[in-house]
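Residue numbering restarts at 1 for every chain, and letters A, B, ... go by the order of the sequence lines.
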Amino acid sequence: MSSSRRQYPFHLIEPKWQKVWDEQQAFRAFNPGEEIPANHPFALRHKLSGKVSAAQLPAKFYILDMFPYPSGAGLHVGHPEGYTATDILARYKRAQGFNVLHPMGWDAFGLPAEQYAVKTGQHPRQTTEENIATFKRQIQSLGFSYDWSRELATTDPDYFQWTQWIFLKFYNSWFNPKTNKAEPIENLKYPAGLRLPFLTSDKTELKNLELSRRNFRDGKRLAYVKEAPVWWCEELGTVLANEEVIDGKSEVGGFPVVRKLMRQWMLRITAYAEKLLTDLDTIDWSDSLKEMQRNWIGKSEGAYVCFSLEGRTKSVKESPKNSIESDSDIINLEEIDAFIQSSSERKADSIWVFTTRPDTLFGATYVVLAPEHPFVNELTTDEQRAAVQAYKTEVAKKSDLQRTDLAKEKTGVFTGAFAVNPVTDEKIPIWIADYVLASYGTGAIMAVPAHDERDFEFAKKFKLQIKSVVGSLKPFPSLAINSTFGYDDFSKLKRGERTVVINGEEVFVFTSETECFVGEGVAWNSANSEVSLNDLPTAEAKQKITAWLEEKNLGKKTINYKLRDWLFSRQRYWGEPFPIVWKVGPDGQSYHEALPENSLPLLPPTLEDYKPTATGEPPLARAKDWVNLPDGSVRETNTMPQWAGSCWYYLRYLDAKNNSAFVGKDVENYWMGADSPKSKVQSPKPDVGLETLDIGLKSTTPGVDLYVGGTEHAVLHLLYARFWHKVLFDLGYVSTPEPFFKLVNQGMVLGEDNQKMSKSRGNVIPVDVPVAEVGTDALRLYEMFMGPLEMVKPWNTKGVEGVYRFLGRVWRLFVDEKSETAFEQAETLATATQRHGELLELILLDGGIMDIAATPAQLKAMHACIKKVTEDLDGLRFNTAISAMMVFINEAMTWQTKPLALMKIFLQLLAPFAPHLAEELWARLHSTFGQTAPSLAYAPWPKFDAALLVESEIEIPVQVNGKLRDVIKVSVNATQADLETAAKNSEKVKPFIEGKTIKKIIVVPKKMVNLIVG
RNA sequence: GCCGGUGUGGCGAAAUGGAAGACGCACAGGACUUAAAAUCCUGGGACCAUAAAAAGUCGUGCGGGUUCGAGUCCCGCCACCGGCACCA
């Protein structure tokens, strides 16, 4: 590629314009109340200057990229795909008259810099800064129109002091189920015995009450401490969040993880499970992404059911609802949690299970506990004790990886104990098995083998009773003789036939004790002396039995989520330290306390050695002077996970330099608010009889208007950030309930071998390569021309040359060939020290460009192009927008004379895609014709004139019986009758209709004619 | 297994239910050139036929259906990609 002649002097043009934009601060976005320099292109476009209020500013448009983690490897050609898409849109929206916010920053905390520090002793900050410098240089070489004055890095103390500040907001808040939102901890309602003033003067009692209050309060905070089983990764020397563990391995590095009991900071994301779920309906994200979040949140509706124990009397008849204070009808997660927790302290008198199919209760033939269930030891009979112990040991030895890997084969052990099915009063065995998870529901299930695959498998293996209680309205797959089995044929079946009455009608249902049916159907076999579900459809049966259980205090309707609270601490150095200290109370118990806000930022200490300590404490514990405070309190030595900084960076961009708040109120409201000012975009005097696009009184979008990034963040960053945003919203710090209104995932760019790009495959193409060989504009164009943004597509170097050639054609459309040859010769002779940029002046415009009126054909081609490019940009269809410009250029290459006005319009269309080339030619067009060039970046977007696209004669396909037989030319005004006649008279059509009767003629005006003959 | 997405030339891909394959790559032929590169022009789904063509037939993963007409809508499958996965 490099051996061939350069298509155009991009090597001079691109740095030239990048410098101009930089010097002008051309892409700086202005906040309400900010001083706008009178000569800034934005000020000139909108006739603004000085301090401008939100109401005076045009409508905002916030275009955000997922900010990168600056790794040492630099950018490859896959990275700028999303950045290119957002930049094109940012430039387009700027031309349309929006106040565009388009920022970039660095997600810079992270493990690689720390691991490098462990190896070499180089401070992670230094590594981070070097990597940022590389990334910034590469990103800037691509000519993106970022507002660099808002650049931020999560590792910067000016930034992370606010990350710590937000953590304190979490710490000092609780979730009020009654108002369904986060509130300051001062509003917390204490249970009866703990309310002030205390009605005692006994000092010990008072002390204990104070302590209980503190424990209660600390247990309610949105950021709380929990001794919990966590994922410990030995290799990384830290714990990981659920979301960071994939198939029993760490997401980063793929190292094994094990369960370990540790004291950890948690964020109460579960309180927001329902909002995170339902608010997905209010935002414009892809279905697949929403679905991933829904699956992760994992809502299921069902009931808790109480099974009493054979041979034991229940000490108290209680349900979760009655055993704890509750403000709502449906018990919330927190209360369930507390209830389940409390069962470990109570005697084993009954077992609560969670089920989504309470309608199958009559078919529950055994109970299974998770091996870790607190009742197991107490329930196990002496005969079974050895077997149960052996099983528990075996399970504990298995890593979770093995537990899921071996999922195929069910294992378990009988405890020797029996429970009583609350509706049948039958004695049913209690087993333990590792297919029941301690961490979900109550850690116990009622097994209904006839209607649950897993229970069915287990029952078959251990020869447990299978009892069918739900009939299917369709034959079981194995009974279906063929797929066309009709409803009426049911009676022909030999087995499983049975009828029930639904809505007064007798219908067949199919039941089986030898096969599993998990679908919904009709209940049967489900009645006792008090309640009957027989003949009820599943949904009704669920309702009826749940109501009955509630009335008997044997159950409670409930909602369960898979989502767990977010494990928020890491045993690392290179992260935000917690603004927390630990103290020891008079009772000898240690407790935590928040640092005052004015002490932030809390900087990490400087270390010589970044490894964890020998005792397994985090590296921060090495800094004794930092950890131990004069008053005897001790600092928290964990740090926050990498996700913390990325949870709110999009808010800091709005007001990146604010020293008194994480974001200013008015500024936040302007850029994120749903009711920011309406646009008042002016329509300047049209250039060529064209009007500029008038945005009119279009209201703005709440939150970020467009967020582009990879799918890998579907359940991590995107869920965490939504959670933080919702807490900040509840506490009144932000004005919208959702941060990202529209989100698009760019598809991955594969290597030329159709494999994902990776070092080990050796198929990585660094961005610097195409930038040097064909220039940034060609790279940008190709990134978009490959295919639709969301699709996965392979890189093809030959394809890059195609768009590079296109830019060469554009160049040659505009410049005089002889002058370019002169330029090239001069450049060869010039020494390196000479200013090559000045040589560009040798290149002259093509003489065919004249300030003359365009022909109708020229106007038509131009306006077709404006229409297509505009519509495709609105739909993010960059690839077809580019092909429309190619079509235009292919035609314009044949023109003898090139009207100046059209040449300008074309450059405006090209500018978002190839801004350097467009700026260069734009400036030349103006200077050559003695005009002053307004900034192309802010030139009003051209508007197409539909009237110019109308043809006088059009070609109409003629079909006979749906097959194309001719294409006829008719006037655009041809009537239906004209078309019919013309079609019938076509010489090519005649042979197909002669001697036949025309039964019908379908005429679609301006589209086609179809003759139906018999 | 469940959820989501995608299947169209040699390749990347286009097509509000109305001319399938725009645009680009690769390829072939031609012009320019001492020559090459670059550039410009022309060609192209498959089959059948032919000296060459015209005409014709078949074509959007597979099988059905709706419609005057289906890449597009409906039903049933298959393959690939991504996610989740003993969540009761």
Q: Between A13(B) and G82(B), how far apart are the P atoms? Round to whole Å, please.
A: 16 Å
(Q) Heavy atoms only, 4.0 Å cut-off, all strands: where does Lys988(A) land among base, sugar-phosphate and nothing? (A) nothing
Output a table of nitrogen or oxygen pairs between the protein and nucleotides 58-61 of chain B separated by less than 3.5 Å.
{"residue": "C58(B)", "atom": "OP2", "partner": "Lys963(A)", "partner atom": "NZ", "Å": "3.4"}

Q.
Counting runs of three or more consecutive pairs, Watson-Crick or G-U wobble, with each distance below 3.5 Å, where are the stems of RNA chain B?
A. B:1-7 with B:78-84, B:10-12 with B:23-25, B:27-31 with B:39-43, B:45-47 with B:56-58, B:61-65 with B:73-77
Q. Is the number of heavy atoms from other residues, nucleotides or ligands under 6.0 Å of Lys988(A) NZ greater than 12?
A. no
Q | Atom-pair distance (CG on Asp287(A); P on G83(B)), nearest Å | A | 18 Å
**Q.** Distance, P atom - from G44(B) to U34(B), rounded to whole angstrom
**A.** 32 Å
Q | Partner residues of Glu712(A) under the side-chain hydrogen bond (donor to acceptor under 3.5 Å, both in side chains) criterion, sequence neighbours left out | A | none
Q. Closer to the 5' end of RNA chain B via nearest nucleotide, is it Glu291(A) or Thr711(A)?
A. Glu291(A)
Q: Scan nucleotides 12-17 of chain B nucleotide by nucleotide, 5' to 3', and note B when protein non-hydrogen atoms come under 4.0 Å of the base, S if they reach only the sugar-phosphate, - if neither.
A: BSS-B-
Q: Assess the side chains of Asn560(A) and Ser300(A): does a donor N or O sit below 3.5 Å from an acceptor N or O?
A: no
Q. What form does the base of G9(B) take, syn (within 90° of 0) or anti?
A. syn
Listing time: all N or O pairs from protein to nucleotides 40-43 of chain B that are below 3.5 Å?
{"residue": "C40(B)", "atom": "OP1", "partner": "Arg809(A)", "partner atom": "NH1", "Å": "2.7"}

Q: Would you mind reading off the distance between Leu964(A) atom CG and A55(B) atom P, rounded to a whole angstrom?
A: 11 Å
Q. Is it true that a side-chain atom of His451(A) and a backbone atom of Phe517(A) form a donor plus acceptor pair closer than 3.5 Å?
A. yes
Q.
Work out how far the P atom of G10(B) is from that of G17(B), and round it to whole angstrom.
A. 27 Å
Q. U72(B) and A19(B): how far apart are their P atoms, nearest whole angstrom?
A. 14 Å
Q) Met292(A) CE to C81(B) P: how many Å, rounded? A) 16 Å
Q | Any donor-acceptor N or O pair under 3.5 Å, side chains Glu773(A), His11(A) | A | no
Q. G82(B) P sits how many Å from Trp296(A) CH2, rounded?
A. 18 Å
Q: Quote, to the nearest angstrom, the C1' distance that separates C23(B) from G18(B).
A: 22 Å
Q: Could you check if a side-chain atom of Ile428(A) sits within less than 4.5 angstrom of a side-chain atom of Met446(A), using non-hydrogen atoms only?
A: no
Q) What does Phe458(A) touch in the nucleic acid at a heavy-atom separation under 4.0 angstrom: a base, only the sugar-phosphate, or nothing? A) nothing
Q: Could you check how far CG of Asp455(A) sits from P of A88(B), rounded to whole Å?
A: 12 Å
Q: Applying ring pair (Phe, Tyr, Trp, His ring centres under 6.0 Å), name anything that partners Trp285(A), two or more places apart in sequence or on another chain.
A: none
Q.
Quick check: do Val469(A) and Asp359(A) have side-chain heavy atoms less than 4.5 Å from each other?
A. no
Q | Rounded distance in Å - CD1 (Ile297(A)) to C1' (G83(B)) | A | 15 Å
(Q) Salt bridge or not between Lys867(A) and Glu871(A)? Use side-chain N to carboxylate O under 4.0 Å. (A) yes
Q) Are any of the side-chain nitrogens in Asp455(A) or Lys460(A) under 4.0 Å away from the carboxylate oxygens of its partner? A) no
**Q.** Protein-nucleotide distance (Glu987(A), atom CD; A55(B), atom P), rounded to Å
**A.** 14 Å
Just distance, no hydrogens or angles: give the donor-acceptor pairs under 3.5 Å from side chains in residues 1001-1014 of chain A, sequence neighbours left out.
{"residue": "Asn1010(A)", "atom": "OD1", "partner": "Gly962(A)", "partner atom": "N", "Å": "3.0"}

Can I get a per-line list of side-chain donor-acceptor pairs under 3.5 Å for residues 879-895 of chain A, giving both atom names and the distance, sequence neighbours left out?
{"residue": "Thr880(A)", "atom": "OG1", "partner": "Asp872(A)", "partner atom": "OD2", "Å": "2.8"}
{"residue": "Thr880(A)", "atom": "OG1", "partner": "Arg877(A)", "partner atom": "O", "Å": "3.2"}
{"residue": "Ser883(A)", "atom": "OG", "partner": "Thr880(A)", "partner atom": "O", "Å": "2.9"}
{"residue": "Asn890(A)", "atom": "OD1", "partner": "Arg809(A)", "partner atom": "NE", "Å": "3.4"}
{"residue": "Asn890(A)", "atom": "OD1", "partner": "Arg809(A)", "partner atom": "NH2", "Å": "2.6"}
{"residue": "Asn890(A)", "atom": "ND2", "partner": "Met886(A)", "partner atom": "O", "Å": "3.4"}
{"residue": "Thr894(A)", "atom": "OG1", "partner": "Glu891(A)", "partner atom": "O", "Å": "2.6"}

Q | Position toward the 5' end of RNA chain B (nearest nucleotide), Met748(A) or Leu289(A) | A | Leu289(A)
(Q) Distance check needed: C80(B) P versus Leu750(A) CG, whole Å only. (A) 17 Å
Q | Which nucleotide in G24(B), C84(B), A88(B) has an atom nearest any side-chain atom of Met886(A) | A | G24(B)
Q. If we ignore angles and hydrogens, is there a donor and acceptor under 3.5 Å between the side chains of Glu752(A) and Thr797(A)?
A. yes
Q) Taking the same atom, C1', in U57(B) and in G61(B), what whole-Å distance lies between them? A) 22 Å
Q. Listed by chain and number, what are the ring pair (Phe, Tyr, Trp, His ring centres under 6.0 Å) partners of Phe785(A), not counting sequence neighbours?
A. none
Q.
Could you check whether the side chain of Lys410(A) and the base of C86(B) have a donor-acceptor pair of N or O atoms closer than 3.5 Å, going by distance alone?
A. yes
Q: Output all residues satisfying ring pair (Phe, Tyr, Trp, His ring centres under 6.0 Å) with Phe458(A), sequence neighbours left out; order by chain, then residue number.
A: Tyr366(A), Trp431(A), Tyr435(A), Phe462(A)
Please list, for nucleotides 66-74 of chain B, all pairs of protein and nucleotide N/O atoms separated by less than 3.5 Å.
{"residue": "C68(B)", "atom": "O2'", "partner": "Asn1010(A)", "partner atom": "ND2", "Å": "3.4"}
{"residue": "C68(B)", "atom": "O2", "partner": "Asn1010(A)", "partner atom": "ND2", "Å": "2.5"}

Q: Please measure how far the P atom in G69(B) lies from the corresponding atom in A51(B), and state the result in whole Å.
A: 39 Å
Q) Would you say a side-chain N or O of Ser300(A) is under 4.0 Å from OP1 or OP2 of A88(B)? A) yes
(Q) So, using salt bridge (charged side-chain N to carboxylate O under 4.0 Å, His left out) as the criterion, who are the partners of Lys299(A) when residues are at least two apart? (A) Glu274(A)
(Q) How close do Gln7(A) and Gly808(A) get, counting heavy atoms only, and between which atoms? (A) OE1-CA, 3.4 Å
Q: Just call it for Ser883(A): base, sugar-phosphate, or nothing, with non-hydrogen atoms closer than 4.0 Å on any strand.
A: base
Q: Return the orientation label for the Tyr804(A) and Tyr8(A) ring planes: parallel under 30°, perpendicular over 60°, tilted otherwise.
A: tilted
(Q) Does either side chain, that of Tyr561(A) or that of Thr270(A), offer a donor lying less than 3.5 Å from an acceptor on the other one? (A) no
Q.
Does a side-chain N or O of Gln7(A) approach OP1 or OP2 of U39(B) to a distance below 4.0 Å, or not?
A. yes
(Q) If I pick the C1' atom on G71(B) and the same atom on C84(B), what distance separates them, to the nearest angstrom? (A) 31 Å
